[in-house]
**Q** 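Structure incoming, see below.
All figures in this text were calculated on a predicted structure; none of them were measured in a lab. Quick note on labels: first sequence line is chain A, next is B, and so on, each numbered from 1.
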Protein chains: 2
Amino acid sequence: MELEKDLFGKCPYTTAQKVLSGKWSIMILYHLGIKTMRFGELQRQLPDLTQSTLTKQLRALEDYGLIERTIYPQVPPKVEYSLSDIGIKFQKVLAELAIWGNDYIKTLQKKEL
Amino acid sequence: MELEKDLFGKCPYTTAQKVLSGKWSIMILYHLGIKTMRFGELQRQLPDLTQSTLTKQLRALEDYGLIERTIYPQVPPKVEYSLSDIGIKFQKVLAELAIWGNDYIKTLQKKEL
DNA sequence: CGGTATCCTATCGGATACTG
DNA sequence: CAGTATCCGATAGGATACCG
């Protein structure tokens, strides 16, 4: 995933779509919205993706500017991931997404009855 | 894209992510939120995807239950796409997404200066 | 008009193994 | 601890051509 600089002029939806295209973007943004986390802690929250996949997804979100990576120069290494300003603003979308997602699941369940 | 029936028990975010994974889902949902449209009209709004791709994306959204397809038995054929109840509810997410998307574009532009 | 049916390719996510 | 390097398979999406 590589950041495209020519997002300007594009519509907000297309832009959002690109940023959210990563399979784990939403989940990562959700967890970092709860609190800043170290790599390992984040990985424990998301047991279904491997270390290398998590790294790639984090790099993508970092390139897009949604999250920030802070490296503490020490041994053993400590790296913290947190939301950027624009990442924090995304929490509003997540909130609506959560409401809708629960609603959607309920709808599916009714159909099954 | 095939609908998975075992979404139950999953978190709302994972569910939402699956539904939104289609490259054009958001754009389609946005346009159908404005008004019910025929296939051709929708295609004119989205010049960047081919007919076959549009068909696939529409089928996926239909399978997920977000949109409804109404076929009017006449010649030439007339098919209308509209939002389902849960699709209408998704407009709230889209609204937040639009706000955020515009914000994000502004942020990027500032960085470029 | 509103599709199918094929085929093809790029990319993305995952598995695995190794490292400062 | 937090990565990187490499490889690999699945699949989503696009191009093209044809159809009721």
**Q** When the distance from CG of A:Leu46 to P of C:dG14 is rounded to whole Å, what number comes out?
**A** 11 Å
**Q** Hey, which sits more toward the 5' end of DNA chain C by its nearest nucleotide, B:Phe39 or A:Thr50?
**A** B:Phe39
**Q** Starting from P on C:dC12, measure out to CD on A:Gln57 and report it in whole angstrom.
**A** 10 Å
**Q** Does the side chain of B:Thr55 get closer than 4.0 angstrom to OP1 or OP2 of C:dG3 through an N or O atom?
**A**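 Result: no.
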**Q** Among D:dG13, C:dG2, C:dG14, which nucleotide sits nearest the side chain of A:Thr53?
**A**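 Per side-chain heavy atoms of A:Thr53, the pick is C:dG14.
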**Q** Just the rounded figure in Å: distance from C1' of C:dC1 to CD of B:Gln43.
**A** 10 Å
**Q** Which part of the nucleic acid does A:Gln51 contact within heavy-atom distance under 4.0 Å: base, sugar-phosphate only, or nothing?
**A** base
**Q** Quick one: A:Glu41 CD to D:dG3 P, roughly how many Å, whole number?
**A**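 It is 14 Å, rounded to the nearest whole Å.
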**Q** Could you tell me if the side chain of B:Ile86 sits less than 4.5 Å from the side chain of B:Phe90, heavy atoms only?
**A** no
**Q** With a 4.0 Å cut-off on heavy atoms, is A:Tyr81 in touch with a base, just the backbone sugar-phosphate, or nothing at all?
**A**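 Result for A:Tyr81 = sugar-phosphate.
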**Q** Between A:Leu54 (CG) and C:dG14 (P), how many Å, whole number?
**A**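 Those two atoms, CG and P, are 11 Å apart.
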**Q** With a 4.0 Å cut-off, would you call A:Glu41 and A:Lys35 a salt bridge?
**A**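 Counted as a salt bridge, because a side-chain N and a carboxylate O are separated by less than 4.0 Å.
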**Q** Got A:Leu66 and A:Leu83 here, is their nearest side-chain heavy-atom distance under 4.5 Å?
**A**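 Not in contact.
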**Q** Using whole Å, report how far OH of A:Tyr72 lies from C1' of D:dG3.
**A** 18 Å
**Q** Can you identify which nucleotide, out of C:dG13, D:dC1, C:dT16, has its nearest atom closest to the A:Lys23 side chain?
**A**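 The closest nucleotide is C:dG13.
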**Q** Give a yes or no on whether a donor-acceptor pair under 3.5 Å exists between the nucleobase atoms of D:dG14, that is its base, and the side chain of B:Lys56.
**A**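 Present.
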**Q** For A:Trp24 and C:dG13, what is the distance between atoms CH2 and P respectively, to the nearest whole Å?
**A**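 My rounded result for the distance is 10 Å.
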**Q** Toward the 5' end of DNA chain C, which comes first, A:Pro77 or A:Leu49, by nearest nucleotide?
**A** A:Leu49
**Q** Roughly, in whole Å, what's the span from CG in B:Leu42 to C1' in C:dG2?
**A** 12 Å
**Q** Is B:Arg38 near enough to C:dC1 that one of its side-chain N or O atoms lies under 4.0 angstrom from OP1 or OP2?
**A**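 No.
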**Q** Side-chain N or O of A:Arg69 less than 4.0 angstrom from OP1 or OP2 on D:dA2?
**A** no
**Q** With a 4.5 Å cut-off on side-chain heavy atoms, are B:Leu42 and B:Leu32 touching?
**A** yes
**Q** Side chains of A:Gln17 and B:Met27, heavy atoms from C-beta outward: is any pair under 4.5 Å?
**A** no
